[in-house]
Each structure stands twice: as C-alpha cells, then as structure tokens.
Amino acid sequence: MKKVSISAKLKKVLIVGLSAVLMVGAFAGCGSNDKKTADKEPSETKNKVLEPVEITNVSYDPTRELYENYNKIFTEYWKNETGQDVTITQSHGGSGKQARSVLEGNEADVVTLALEQDVNELVTGGLIKDGWIKEFPKDSAPYTSTIVFLVRKDNPKGIKDWDDIVKDGVEIITPDPKTSGGARWNFLAAWGFALDKFSGDEAKAQDFLKSLYGNVTVLDSGARGSTTTFVENGQGDVLLAWENEAFLSIKEHPEDFEIVTPSISILAQPSVAIVDEVADERGTQEVAKGYLDYLYSDDAQRLEADNYYRPSNEDILKEYGDTFDLDLRLVNIEDDFGGWAKATDKFFADGAIFDQIYKQ
Amino acid sequence: MVQDKGNKIAKYILIGLGALFIIVMLVIPLVTVLSYSLREGWKVFYDAISDPYAIDALKLTLLATVVTLIVNTFFGIFASWGLTKFKFKGKQIITTLIDIPFSISPVIAGLVFILVFGRIGWASPFLSAHHLKIVFAVPGIILATIFVTFPFVSRELIPLMQSQGNEEEEAAALMGASWLRIYRKITLPHIKWGLLYGVILCTARAMGEFGAVSVVSGHLRGKTNTLPLHVEILFNEFHLTAAFAVSSILVVMAIIILVLRNIVEVRVKKEE
C-alpha cells in the first residue's frame with residue numbers, strides 16, 4: 001500500500017515538474033516577444049505618454065553608494081522632465097572585469113568605469129562608437145578622484161609618503177592592476193612619485209615599484225575587495241585607496257583609520273559612456289544620454305562631492321575645500337604618461353612593466 | 001587489560017579530535033553567522049531579509065534550484081537506467097563524463113558558458129537573431145547551476161541499480177509489460193530512497209552555488225543576483241549584519257535539508 005502511494009506521489013512530482021519545465025519555456029518565449037515589441041517602441045513614443053523604461057549601469061567597485069543615491073535623484077529629475085518612469089539596475093565590480101563582462105554580453109546601456117582604457121576596450125569590441133570621450137564635457141569624466149593612503153589609527157608605522165610604504169615590514173593592500181582600474185591609478189601615482197624622486201630615471205623607478213609590490217600581501221581583483229580586506233578583515237598596514245573609498249571607510253569606522261595624503265598623487269578621471277550597441281537596440285539612447293548628462297548638473301555634482309568624489313565643476317569643488325586637499329600635487333595621465341593607450345602598453349599589457357615587476 | 005586501556009585512550013583521543021575538528025571548522029562558524037546576524041537586533045535582521053533585492057535574490061535562487069532539480073532528476077534517472085540496464089560500447093566513457101562537474105572548477109564551468117553563449121561566443125549570431133539571452137541573464141544562471149549539480153542524482157542511482165541487476169525487469173519484459181510499467185512497478189520502488197537522497201544533495205548544492213553562477217551572472221541587482229551573490233554584495237558594501245542575516249537564510253535552508261537527509265537515511269535502514 002505504502003509503495004503504491006509513494007510511486008503515485010512521485011508521479012505527481014513528475015507531472016508538476018514537466019509542467020514547470022513547460023512554463024519556464026513559455027516564459028522564455030514571452031520574454032523574447034517583449035523584446036520585439038520594445039524595439040518598435042521609440043517611433044511612437046514621441047507624442048504619447050512615455051512607457052516606463054529600464055536602463056542598466058555597469059559600474060566599477062567603489063561607486064556603489066554614489067549611484068545608489070544618484071539613481072534616486074535622477075529618477076525624480078527624469079520623471080519631472082519627461083514624465084517617464086525610469087528604473088536603473090546597477091552592477092559593480094573591478095573596472096576591468098566589468099568591461100570584460102559587457103564585452104561578453106552583459107547588456108549595459110551605460111558604463112561608468114574607473115578609467116578611459118576600460119571604455120576603449122569596448123570601442124575595440126565594437127560596442128561603443130569612437131569619439132565617445134568628447135560626447136560629454138571634461139573628457140566624459142563628470143567627477144574625478146585621486147589616490148591616498150588609508151592607515152590604521154595613530155599611524156603605527158609612521159607612514160607619511162610613498163617612501164615609507166616600500167620599507168621592510170610594511171604590509172600593503174592594493175588591488176590587481178590587471179583587473180582593477182583603481183589599482184592602475186595606484187600604480188601610476190607611485191610611478192609619478194618615483195620618477196620625480198629619481199629625477200626621471202626609469203630603471204630606479206621600476207626598482208621602487210618592485211619593492212612596493214614586494215610589500216603587497218593581498219592582491220584582490222577590485223578596489224572594494226581590497227577595502228574589505230583592509231578594513232573588515234584587518235589585513236595589512238596601509239591601503240592604497242581611491243580618495244572616495246578612503247573617506248567612506250573613515251565614515252564607516254571613524255575610530256579606526258586615518259587618511260594620509262602623499263606628496264604626489266594622480267588626477268584620476270573615471271570615464272562614463274553610452275554603450276551604443278545596447279542603447280540602439282533597446283531604444284534607450286535618449287534616457288542613457290540624460291542619465292549621464294545629469295551627472296554634470298549642480299545637484300548631482302554636490303551629491304558626488306557628498307560621496308567624496310571631486311566634482312568636475314571647479315566652483316562646486318571649491319565649496320568642498322574643507323573635505324578635499326586641493327593643494328595636493330597631481331600628475332595626470334595626458335601630460336605625464338602620454339594618454340591611456342601609451343600607459344597601458346608600457347605598464348599593463350602582457351609582459352609589460354607591471355608583469356616584469358610582479359613576476360620577479 | 002592493559003591493551004584494553006590503551007584502546008580506550010586511543011578511542012577517546014580520536015573521538016575528542018574528531019569532535020574538536022567539527023566544532024572549530026563547522027559549529028563555531030555557523031553559530032557565528034547566526035549570532036552575528038542578530039547582533040543589531042531583529043529589526044535589522046528583518047530589514048535585511050525583507051529588502052526587495054534580497055527577496056529577488058531568494059526568488060532567483062529558488063527558481064534556479066527547482067529547475068535544476070527537475071532537469072537533473074530526469075537526467076539522472078534516465079542516465080543511470082541507460083547505463084546500468086543496457087550494454088553498449090563507450091559506457092565507461094559516458095559514466096566518466098557524467099562525473100566531470102565534480103572534478104572541474106566551477107569557474108571554468110562559468111567561463112565555458114560565456115565562451116559559448118556570450119556576445120563573442122560561437123552561438124551568439126543565432127542567439128541575437130532570435131533575441132535570446134542566456135549568459136548574464138536567468139537562463140545562464142540556471143544552466144550553470146545544472147552543470148555544477150549534474151552528477152548528484154545519477155551518482156546515487158548508478159551503484160544502486162548496478163547492485164540490483166536486471167533479472168526482475170527482464171522477467172517482466174518477457175511477460176509482456178511495457179517499459180513504462182516496468183519502470184513504475186519494478187525500477188522505481190527499488191531506487192526511490194536513493195533517488196530522494198540524490199535529489200536532496202542536489203538541492204543543497206544548487207542553492208549554495210557561487211563560483212560558476214558568479215561568472216555568468218553580471219551581478220545585476222534584482223535581476224541576476226542569487227542569494228549567495230547577494231551575500232557577497234552586502235559584505236562588500238559594509239552591510240556586515242545584513243550579509244550575515246541573508247547568509248543565515250541559506251544556513252537555515254541547509255539545516256532543513258540535512259534533517260530531511262537524515263530522515264531518509266533512517267527510513268532506508270528501516271526498510272533494509
């Protein structure tokens with residue numbers, strides 16, 4: 001009797017299972033139909049009430065809090081401006097890794113990445129049109145940042161400048177320049193300091209970087225991974241961090257950390273761009289453009305400053321003179337490194353200087 | 001007498017070591033997860049698990065688990081039936097192939113799907129022509145989960161069916177029973193506990209899968225984030241308590257599954 005009831009139950013399970021499979025199939029079918037109707041949409045939207053729209057922003061690691069807040073004010077702004085409801089889906093990770101995923105088919109309408117080079121990868125992949133960098137003001141960098149040191153309270157290792165972190169016994173946490181945009185800025189900032197110190201001697205600069213990376217104890221794939229390694233997991237003596245990331249850590253744990261500003265750092269310009277291939281296909285060019293344009297508005301610039309990014313609007317940056325060290329000497333990628341294409345080939349390509357330093 | 005004493009000491013040392021290992025490696029971490037998640041009280045705990053993103057992640061995890069379960073149960077039954085009740089060339093190779101997901105790193109499994117179904121993968125022209133999206137979308141997550149948990153059911157069933165042999169089925173076939181009837185009346189009753197056991201293991205693994213899913217997910221919040229991925233995101237956003245609260249959902253589900261597993265084991269012993 002029992003056996004019969006059990007096999008009857010199993011039969012039921014099988015039937016339910018089969019119908020579930022069919023349902024999933026039907027569901028997938030519906031999904032593709034939705035897409036087709038969405039394609040037709042833009043032509044008829046002009047004079048009617050606009051359909052709600054969804055865009056995806058694939059961003060890099062430390063911008064999680066920034067875009068969480070920005071998406072709120074943008075949604076409101078866009079609703080007032082056009083009457084259209086917009087939903088923004090976020091994705092975060094190491095900048096290079098994120099660019100890679102977009103290249104492999106992670107459908108982003110806009111990318112807001114850590115560096116120009118990662119967006120250029122998408123140009124090479126045919127997803128973004130050449131000349132994107134002039135599409136938005138200030139080389140498509142609505143906010144900038146720089147690289148600073150985060151050390152433990154009272155600075156037990158006495159770290160003041162780049163010189164101090166290459167000393168024996170100092171443990172450094174920084175992400176991997178192969179996958180993280182922030183890590184590349186870290187590397188170049190250190191290089192800028194070393195060149196200045198050794199009056200342009202590149203061999204000595206390379207040795208300096210070698211002893212720096214010799215002190216690295218954990219090499220995460222993204223900036224946020226490094227921050228949690230340093231802040232939450234208590235590893236290392238100094239974190240080479242985005243300025244915004246360092247401020248955020250202090251905000252989360254005011255008692256435990258201090259920021260040290262080195263004598264030289266780098267002007268880091270995170271890049272934003274519309275992913276043309278995806279936006280054209282989905283008919284989201286307009287809202288994507290609006291989304292990135294609004295990053296330059298006064299409200300958004302202040303919001304960026306509140307989230308510890310340096311606003312690109314000089315006047316608003318000055319309002320935040322108390323927060324940011326505006327006298328910090330900054331090298332920059334165009335003048336000091338000849339642009340990202342050159343810097344990538346020289347430092348980060350396979351077998352280039354970073355590989356030579358790290359493999360030895 | 002002396003030898004007896006020595007044996008006893010050895011016994012207690014071994015038991016003690018075993019217990020210590022289990023406490024350090026398993027019990028303490030689990031208790032930490034649960035206590036940490038309640039560190040800031042029930043309110044924070046409740047907020048974390050009722051957050052819309054957490055609920056979306058839970059739904060996706062459940063969807064992926066259920067579909068995986070159905071597919072792998074079907075596959076597992078048919079594969080083990082085919083492999084044990086019939087003789088054919090290449091049987092050994094297929095048996096080995098089924099085990100691949102056990103030995104391959106989940107990261108590679110994820111990358112394989114990206115190379116096949118991704119934007120620059122070889123199936124991409126076909127997929128984009130039909131507006132189908134596999135990786136960086138829900139189907140990819142389900143596929144990755146299926147891949148990783150592929151062998152669980154068949155691994156349970158194959159040895160079981162092998163030990164039972166074909167006599168009963170052959171006798172039934174000689175008497176003119178249809179294959180469906182043979183299956184229902186003879187095969188299934190023999191394997192039902194093994195099947196259930198495999199299904200339970202498969203569920204546990206499917207719910208917790210991180211590596212392969214992480215590669216194909218794209219980490220779109222509310223869309224392609226499973227519960228384990230959501231835990232990672234919360235952890236990275238300094239929401240430690242929330243991360244542990246969401247983890248505790250996974251822990252509780254795992255414990256439920258373990259209890260079910262034990263019940264099944266007891267039943268099996270009774271029947272024997």
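Since this is a predicted model, take the numbers as computed values, not measurements. Chain letters run A, B, ... following the sequence lines, proteins first and then strands; every chain starts at 1.
Side-chain contact between B/Leu195 and B/Glu156: absent, with no pair of heavy atoms (C-beta onward) separated by less than 4.5 Å. Side-chain atoms of B/Ser124 and B/Phe126, non-hydrogen and from C-beta on, never get closer than 4.5 Å to each other.
Taking chain A as the reference chain and counting heavy-atom pairs below 4.5 Å, the highest number among B/Thr224, B/Val215, B/Ile120 is found for B/Ile120. Highest contact tally toward chain A, considering only B/Glu232, B/Lys223, B/Arg221, is held by B/Arg221 [criterion: heavy-atom pairs under 4.5 Å].
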Next on the checklist: With ring pair (Phe, Tyr, Trp, His ring centres under 6.0 Å) as the criterion, how do B/Phe235 and B/His239 come out once you've worked through the C-alpha distance, each side chain's angles and the decisive distance to 0.1 Å?
Outcome noted: CA-CA 6 Å; B/Phe235 183 74; B/His239 301 309; over 10 Å; no

Item to check | Candidate pair A/Trp242 and A/Tyr309, rule ring pair (Phe, Tyr, Trp, His ring centres under 6.0 Å), full reasoning | outcome: CA-CA 9 Å; A/Trp242 289 100; A/Tyr309 292 81; 7.6 Å; no

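Ring orientation note: the planes of A/Tyr70 and A/Tyr67 are nearly perpendicular, at an angle over 60° on the 30°/60° scale.
Between the side chain of A/Asn106 and the backbone N or O of B/Gly218, at least one donor-acceptor pair lies under 3.5 Å. Formation of a donor-acceptor pair under 3.5 Å by the B/Arg119 side chain with backbone atoms of B/Ile114 is not found in this model.
Only the side chain of A/Glu252 comes within less than 4.5 Å of a heavy atom in chain B; its backbone stays farther off. Only the side chain of A/Leu248 comes within less than 4.5 Å of a heavy atom of chain B; its backbone N, CA, C and O stay farther away. Proximity to chain A is absent for every atom of B/Ile134, based on heavy atoms less than 4.5 angstrom apart.
Ion pairing between a basic and an acidic side chain is recognised when a charged N comes within 4.0 Å of a carboxylate O; A/Glu121 and A/Arg100 show no such pairing.
Contacts with chain B (heavy atom to heavy atom, under 4.5 Å) involve these residues of residues 223-233 of chain A, listed by number: A/Arg224, A/Thr227, A/Thr228, A/Val231, A/Glu232, A/Asn233.
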